[in-house]
Undergrad: 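Quick one: the structure is below, questions incoming.
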Protein chains: 6
Amino acid sequence: MTRSGRPVTLFTGQWADLPIEDLAARCRAWGFDGLELACWGDHFDVSRAVTDERYCKAVRELLERHELGCWALGAHLVGQAVCDPIDSRHRAILPADIWGDGDAHGVRTRAAERMKDTARAAARFGVTQVNGFTGSPIWHLLYSFPPNDFGEIERGYEQFAEAWSPILDVFDGEGVRFGLEVHPTEIAYDFVTTRTALDAVGRRPAFGINLDPSHFAHQHLDAAAFAIEFADRIYHVHVKDSRKMLDGRRSILGSHLNFGEEARGWDFVSPGHGDVDFESLFRALNRIGYAGPLSIEWEDSGMDREYGAQDALAFVRHTDFPASALAFDAAMQRDG
Amino acid sequence: MTRSGRPVTLFTGQWADLPIEDLAARCRAWGFDGLELACWGDHFDVSRAVTDERYCKAVRELLERHELGCWALGAHLVGQAVCDPIDSRHRAILPADIWGDGDAHGVRTRAAERMKDTARAAARFGVTQVNGFTGSPIWHLLYSFPPNDFGEIERGYEQFAEAWSPILDVFDGEGVRFGLEVHPTEIAYDFVTTRTALDAVGRRPAFGINLDPSHFAHQHLDAAAFAIEFADRIYHVHVKDSRKMLDGRRSILGSHLNFGEEARGWDFVSPGHGDVDFESLFRALNRIGYAGPLSIEWEDSGMDREYGAQDALAFVRHTDFPASALAFDAAMQRDG
Amino acid sequence: MTRSGRPVTLFTGQWADLPIEDLAARCRAWGFDGLELACWGDHFDVSRAVTDERYCKAVRELLERHELGCWALGAHLVGQAVCDPIDSRHRAILPADIWGDGDAHGVRTRAAERMKDTARAAARFGVTQVNGFTGSPIWHLLYSFPPNDFGEIERGYEQFAEAWSPILDVFDGEGVRFGLEVHPTEIAYDFVTTRTALDAVGRRPAFGINLDPSHFAHQHLDAAAFAIEFADRIYHVHVKDSRKMLDGRRSILGSHLNFGEEARGWDFVSPGHGDVDFESLFRALNRIGYAGPLSIEWEDSGMDREYGAQDALAFVRHTDFPASALAFDAAMQRDG
Amino acid sequence: MTRSGRPVTLFTGQWADLPIEDLAARCRAWGFDGLELACWGDHFDVSRAVTDERYCKAVRELLERHELGCWALGAHLVGQAVCDPIDSRHRAILPADIWGDGDAHGVRTRAAERMKDTARAAARFGVTQVNGFTGSPIWHLLYSFPPNDFGEIERGYEQFAEAWSPILDVFDGEGVRFGLEVHPTEIAYDFVTTRTALDAVGRRPAFGINLDPSHFAHQHLDAAAFAIEFADRIYHVHVKDSRKMLDGRRSILGSHLNFGEEARGWDFVSPGHGDVDFESLFRALNRIGYAGPLSIEWEDSGMDREYGAQDALAFVRHTDFPASALAFDAAMQRDG
Amino acid sequence: MTRSGRPVTLFTGQWADLPIEDLAARCRAWGFDGLELACWGDHFDVSRAVTDERYCKAVRELLERHELGCWALGAHLVGQAVCDPIDSRHRAILPADIWGDGDAHGVRTRAAERMKDTARAAARFGVTQVNGFTGSPIWHLLYSFPPNDFGEIERGYEQFAEAWSPILDVFDGEGVRFGLEVHPTEIAYDFVTTRTALDAVGRRPAFGINLDPSHFAHQHLDAAAFAIEFADRIYHVHVKDSRKMLDGRRSILGSHLNFGEEARGWDFVSPGHGDVDFESLFRALNRIGYAGPLSIEWEDSGMDREYGAQDALAFVRHTDFPASALAFDAAMQRDG
Amino acid sequence: MTRSGRPVTLFTGQWADLPIEDLAARCRAWGFDGLELACWGDHFDVSRAVTDERYCKAVRELLERHELGCWALGAHLVGQAVCDPIDSRHRAILPADIWGDGDAHGVRTRAAERMKDTARAAARFGVTQVNGFTGSPIWHLLYSFPPNDFGEIERGYEQFAEAWSPILDVFDGEGVRFGLEVHPTEIAYDFVTTRTALDAVGRRPAFGINLDPSHFAHQHLDAAAFAIEFADRIYHVHVKDSRKMLDGRRSILGSHLNFGEEARGWDFVSPGHGDVDFESLFRALNRIGYAGPLSIEWEDSGMDREYGAQDALAFVRHTDFPASALAFDAAMQRDG
């Protein structure tokens, strides 16, 4: 059967404990079309890419040896620091040279510079898409008690725009686009906040969306409707799933429990095992003409990782299908 | 695994843009057991069949070359004209010689004659089943405003019986049966109207049903219960699916939008991708002993047609299973 | 308790068998604030109103004797004939002088003139709102089989605009507005068709909506969301309810059965006894600042009419509540 | 009809813009049994209560003049500051002398002292129950990204216990109990966190729960099951409601929108107008023998406040019923 | 408002601990129209009624003193013994003279004789309806393991018919009808078994149904559909409710727990507080023309009995409404 | 893909009409890992196993010839007789020498002795797990009417413990464990009764559970939650499914109809075709570390048995997956 033309890639972020050479060999064997390289572990090193002429070429050759393509970089962790209030949790996810002495202003400044370099590295590496997080100055004000000063919320969006506009200028200069993974803890995490965030940067084309439906399902959001509404800003798509397990005792808010705990009200699961309606999402992607990668971001605390990557790939191959080029009544109306 | 003995065919109506030779070759390659030939395009020509001795033999040989069977003809379009009020839409679906000058009475008369010929052609071709539409003198009175004169509704059923009885006499003479595809715009489209229509023709065996569950799901009707209630009139079965997408903004009535429009409240989809409960339907078919074809009528405005035909065939092969011949407690009660 | 300021009226259309004097006396006794007078029976006679100087004054005095207000006229039946294809059903609902010889063009022309007179009569009577139907040239094409020529659908909206624009000119001249009761069989019956119909008349203010949620519930439409989307065109509101009774045997389409038949898939019921979420609707009306009447259109084939009118009034009095004028955290933040 | 013996009170926190004398007069007229006095506005002044011998007596006499009882104080706002990270939002809800210069450590220390005084004031005033918030050092870590150090979560519970234990010692000394309103932004907001928080203070009887089901419904939590599980710590009950409005576009997380915004996924509503299953809750309260007040905390951004208070009171009177004292089959078995 | 003409009575079975004089006084005060007297306690003594000429007259006078009517007797407990296997549980519910020495055959014989006397007593007392249970020889075979011999099931229905036919002969002779309360543990407890049981006694008019919807809701049965299907055998109606509380831990089967235990999966509740759809039931009763009593059988282990009886009466008065005598479009079609 | 290590076996109880040699050959061909041998038919003969030295060896060799393992015996039928009231249904399921003259006491005594021998036979055959039923002295008291003496329910659990303790002593002596298949008609059939039954035998390790989710789904029970609650007593797992077909006419209680009848409210179906949530169950088994067999007990009255066995095996192979050994944020936090 002819498949939809969309390549299926693996986002390497959750596999950063494996050397990229090793992971690439496995992904090829499993049948992936390519990788979305994470900018951590040894998968894609932004600093070397912008300073060492040969680095990008070497990474590309490594991928080609395994017959794998690459259409996007994942720069989630450094992006998070650009407009978050900084605390000790960031130390664990940032490169040492970005964290430095941990002073908040310095961390944010260095993170912003690294994001500019990421655009430059992407261009040099030959991809036009960088996915990532933005952080948020206001996420911690989620539940308005003590009552929010909603002027502060508005200022939060402005701070986001101030912090990211110079970065996006570099993206524009390099011909690269940024795709925010709409996600709790980021400046945008649902329909309302995505509208506001897009407006805050003047709907400039440099700033779009990496649509990941696993962050929508537990919010009771419809990822297919999201794709339709923000059709011109869907730059990249993650295939990731989550599942609600609500029985009147488990809260949808998470109970300050880690992922994988039995008492959580929702959790991430391997694609096809959760609440995401992928068929509707893929139909919506067909409708808006999305032709980019379907990038599996695999995370399931109850399933073996290697089994899951293959299971997820088989699921996507089975569920994604090509759009129609025909109007049916036309066939019915033909007559000899 | 042993399969149920029911052959899986493709209804060719939505493929009339392809020459039958071409379509037959594809269907064989995809693994179909046979075709339900549409009486339009070049798939099955009723006029030639009744006038040209060699025509039926040639079609049969063509099918045999591709190792395909045929158990039914699809004569939906001409049948529609038998008791519809005629307007310009019919011109697009009727052969030129049936349409003629478009005078309503003449169109209906010629359509009725052609349906008689269809019975004759079927007999000559060696099939005993013709599926199709009947049209309806009263469909346009669906929503009773301005308030219906319900005597007019009753007269509509009588007109249907008057128009079809002479046709059914020819069917009886030829040993062929007609299967109405219960469907909105026809004289019968649900449980109530099927009961009334069957009564209107005196429950004569020549007039039965081509059960197509895709027309039931969006009416919130239970196709399995329909098969049980009308067990002795289920002469043929279409495998077609439809899906409701009701979000409080989309109407179940269709909004005068074409199939495939995003804002519709329901649409046809490839079998297994919609709301039809095929497992329940197939269990009901097992229960009533239906042994005829499962004929895939493929229509999905969001999926590539060739991909879809194969996907649908795989779905039917996977979902249809043979009935049990065993009472289980019997096995439990055996003892050495 | 202080109530919302919205008056509760009874639409007199379903009580046209009672003389208006009699009905007014009952409504006063039951506690209604006023009547929405139907332009049939002896309730409100448009012809006399435009020809007889004293008529409007007499009707007003009759209402005042019973301490009843009137904020709108209901001209549904004549309006229906303006752009419907005309058949025998219209004879039963039209005044003899509009029906005349029943020739379709003549009926439509006379109906259009009477609608202009209705605007004039309303102005003379002292109300600025006329509710009614428009009819539809394309309703009978609801289910696209034989396949619609969708150009014909577009032309249907244009015909509607052509037929109604001269009428609306008179409305503008008289300072009166028309409220289409969005309803199956009319040019607009859901979100999509309402958008198209409003656009067809250039969103001119003379043409708005009489929101009746009973026509939405069986279409699975959200009346509150409708009020929000079309906020600036909600000119009048009917309080009427309907109930789905779907058990897999009853179709949502109605089975060509009259209202009140047990086998229907849905039916009208007394307000509060059906599927309409009136609390959400009233909250939406509060939100958009709707201050007009809540006009009970009472129809329930399973309940005594007089019991029902009183039950419905009690339901509205109980369910409609005044909007808030306070932000709560403000109170919490105050401190001595 | 005999009612359950539970008094119905109004929590005065959302009415602090009204002088207590005025509010008391209204509540008496509306039929309340008493007030849960908020420790802000001029409703109950903790500082005066502990310093001015006559103050408590004067407040009590004021209530008695209006034939109102008082069984609990509400000290939510100051309590919040005891273990929250302090920011500008606290300034708006704290008395000036608690806020002082806004230095976080100082604010927390002064808030803790005021809570001790609140216990003393309650004892002097003659009530044994103080309701309120605790604040939380870890609420902002709700969604674990950047990934939480879960040791920090554990330390958060310890900090809470360290901050509140000296306060609870005073409560014990005064014979007064504290009821945490389990609520997002507090140390406990669901089943899991309530278990952990109760354990953190060694399940000492001084620390219990003010059960408010409006904070449970949007978390998909079952308030009746909560009452059963924590039966021995249900010290007080708020009657407050909330409603989910999830349509695939609105997020359950709130979208950083203020209460009352149309695009929120849930909001507070007047009791009986939302998702809380009060019948199940009241049956559970009967089962555990809860005999304290049902205290209406009224907040609904879409309803007039005075209308709502009366509507809520009528709802509680209608819904709360006395427990059974009879086993039914016993009656059936009696025989002459 | 005019009410439906159906009287509302209280079934006295669960109040047998109160002397009838006392209970009658209360019911009058609460507003009941009459009583359905239980044949136990001192409420109605069958033995005295058939032997003592003055007894029936005295009971009738007692009721008339309290302005209460009586349209039916409840003879559930003795009826149960007619075709049950007898064990120690029956001793607790039977009069001593029926139980005798407890020998099963003797108990069944004496119970059958008492049921004949009950028909005679009813006739003498002036009522034509006796409600009750039948018992069942096969109820304990509910779950077919060890696998049932289904011939034994058939024989069970025959035994029922043999045991009850002589009793029904006496009913016929007295002009009295028996209404089986369709109920688990009886020969009929759902649609299927009611059909079989009615057939077993040849659908003789002496044997009909006392429809009690509380026994249907936990079986997922539709009481309104039951009323429609068995319209000509609905002789009497109980108003009783039940509620499912299924959370994946509680079984629908009851767990061998007594009514009122928290861990049960369903329980009886006061009318209007459970899963029974009384509006649909009352509409169905209107449709079939049922004009007999609505007899409240009150049982709710979580609510005070006296509160509940009044709450139930108010609920019935509020929910029951008169049927319509009008076709609505008729009114619309009238025109001056 | 690496699979979970759990072997997939077929329980042979429903195949006892086939000689074990024949069945083993088929199972091997279909791809099963082993068999759970039923102690009836010629599959496993307990009497020969304890008397004939060579028997166990021969059976083991037969299995090895077909490369099949065996980890458990199924002794359901004899176990049932240990504490049931005995009637004619037991004759059909018991070996002739256990039934003997059918005297209840004798049957129960002989059944208990045979269960002891089953433990001995298992040990000799080299398996440590025997699955089966216990029977129940109180199952027939399921619906408490005539009202139960709940002391009798308690005595029922004691009788169970008295009857089974001597048997379990032999199990302990042989190093074999018994797994009750929690099931209606047994002493334990849901959460509540399992707790009570486990307590009745002092939670001794010899007595555990054979978890079969098909008996849970129609009771609305959550099999995954059951596995979590009774984690230390889940000794064996059946893969069997059931399906509810509730439409308001069919009762959840079964209507005294045999399995396979169309009018039943629920029925057994092939795994994956029913209501059991196997993914949740398998995740729970991963969580509790269950490493034993997944034993398909195949029963579906609407599907061919041989088709079904293979379909079920494919379903289990597809659905069961290995647990994770990774925490995901760990990978995210790694950085070069």
Side-chain angles (χ1 to χ4, degrees), chain B residues 77 80-81 84-85 87-94 133 138-150 152-153 156 183-186 189-193 196 216 218-226 229 244 246-259 261 263-265, chain C residues 77 80-81 84-85 87-94 133 138-150 152-153 156 183-186 189-193 196 216 218-226 229 244 246-259 261 263-265:
Chain B
L77 302 183
Q80 183 73 28
D84 253 18
D87 63 34
S88 64
R89 295 172 302 154
H90 295 82
R91 181 175 210 160
I93 62 167
L94 290 174
F133 292 141
I138 50 176
W139 166 254
H140 65 289
L141 303 176
L142 176 68
Y143 190 106
S144 179
F145 193 83
N148 288 336
D149 166 5
F150 282 90
E152 190 179 349
I153 303 297
H183 176 287
T185 74
E186 309 312 318
Y189 56 92
D190 63 10
F191 284 69
V192 171
T193 54
T196 313
F216 287 34
H218 66 90
Q219 293 188 67
H220 298 263
L221 298 176
D222 179 335
F226 190 90
E229 173 162 346
K244 296 187 286 286
L246 299 167
D247 62 356
R249 269 79 170 174
R250 294 169 170 130
S251 165
I252 194 66
L253 294 181
S255 305
H256 282 85
L257 294 170
N258 202 352
F259 296 105
E261 296 276 349
R264 283 183 62 94
Chain C
L77 302 182
Q80 183 72 28
D84 252 19
D87 63 35
S88 63
R89 295 172 302 152
H90 296 82
R91 182 175 208 158
I93 62 168
L94 289 174
F133 291 140
I138 50 175
W139 166 253
H140 64 290
L141 303 176
L142 175 68
Y143 190 106
S144 179
F145 194 83
N148 288 337
D149 166 7
F150 281 90
E152 190 179 350
I153 302 297
H183 175 288
T185 75
E186 309 312 318
Y189 57 92
D190 63 10
F191 284 69
V192 171
T193 53
T196 314
F216 287 33
H218 66 91
Q219 292 188 70
H220 299 263
L221 298 176
D222 179 335
F226 190 91
E229 175 162 343
K244 294 188 287 287
L246 299 166
D247 62 357
R249 269 78 169 175
R250 293 168 170 132
S251 165
I252 194 66
L253 294 181
S255 306
H256 282 87
L257 295 170
N258 202 352
F259 295 105
E261 297 275 349
R264 284 182 62 94

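Side chains included, hydrogens not; waters and symmetry mates left out as well; all remaining heavy atoms used.
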Undergrad: Contact part of C:Glu229 toward chain B, heavy-atom cut-off under 4.5 Å: side chain, backbone, both or neither?
TA: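 Looking at C:Glu229, nothing touches chain B.
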Undergrad: Considering only NZ, NE, NH1 and NH2 on the basic side and carboxylate oxygens on the acidic side, decide whether C:Arg249 and C:Asp247 come within less than 4.0 Å.
TA: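 A salt bridge is absent here (no side-chain N lies under 4.0 Å from a carboxylate O).
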Undergrad: For C:Asn148 and C:Phe150, indicate whether the former's side chain and the latter's backbone hold a donor-acceptor pair under 3.5 Å.
TA: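 Not confirmed, C:Asn148 side chain does not pair with C:Phe150 backbone.
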Undergrad: Select one option (side chain, backbone, both, neither) describing which atoms of B:Ile153 are under 4.5 Å from chain C's heavy atoms.
TA: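 Just its side chain gets close to chain C.
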Undergrad: Tell me, side chain or backbone of C:His183 under 4.5 Å from chain B's heavy atoms, or both, or neither?
TA: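 For C:His183, side-chain heavy atoms alone lie under 4.5 Å from chain B.
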Undergrad: Report the residues that fulfil side chain to side chain contact (heavy atoms under 4.5 Å, CB included) with B:Arg264, sequence neighbours left out, ordered by chain and then residue number.
TA: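 Only B:Leu257, B:Phe259, B:Glu261, B:Trp266, B:Asp267 meet the side chain to side chain contact (heavy atoms under 4.5 Å, CB included) criterion with B:Arg264.
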Undergrad: Relative to chain B, which of C:Pro184, C:Gly156, C:Gly265 shows the most heavy atom pairs under 4.5 Å?
TA: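 Highest number of pairs under 4.5 Å: C:Pro184.
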Undergrad: Hey, could you give me the OH/CG distance between C:Tyr143 and B:Leu142, rounded to the nearest 0.5 Å?
TA: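 Taking OH in C:Tyr143 and CG in B:Leu142, the distance rounds to 12.0 Å.
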Undergrad: Out of C:Arg250, C:His140, C:Gln80, which one racks up the most heavy-atom pairs below 4.5 Å with chain B?
TA: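 Heavy-atom pairs under 4.5 Å are most numerous for C:Gln80.
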Undergrad: Can you confirm whether more than 12 heavy atoms, excluding those of C:Arg91, are under 6.0 Å from its CZ atom?
TA: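 Open.
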Undergrad: Of the backbone (N, CA, C, O) and the side chain (C-beta and beyond), which part of B:Tyr189 lies under 4.5 Å from a heavy atom of chain C, both, or neither?
TA: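 Just the side chain, heavy atoms under 4.5 Å.
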Undergrad: Using a 4.5 angstrom heavy-atom cutoff, name the option from B:Ala225, B:Pro146, B:Ser88 with the most pairs to chain C.
TA: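 Option with the top pair count is B:Pro146.
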Undergrad: Go through the atoms of B:Glu152 and report whether side chain, backbone, both or neither lie under 4.5 Å from a heavy atom of chain C.
TA: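 When you check distances to chain C, only side chain atoms of B:Glu152 fall under 4.5 Å.
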Undergrad: Taking atom CG of C:Leu246 and atom CD1 of C:Ile252, what is their separation to the nearest 0.5 Å?
TA: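 That separation rounds to 4.5 Å.
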Undergrad: For chain B, which candidate among C:Asp149, C:Leu141, C:Thr196 shows the most heavy-atom pairs at distances under 4.5 Å?
TA: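 It is C:Leu141.
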Undergrad: Once side chain to side chain contact (heavy atoms under 4.5 Å, CB included) is applied, do any residues pair with B:Asp190, and if so which ones, sequence neighbours excluded?
TA: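 Only B:Val192, B:Thr193, B:Gln219, B:Leu221, C:Ser251, C:Ser255 meet the side chain to side chain contact (heavy atoms under 4.5 Å, CB included) criterion with B:Asp190.
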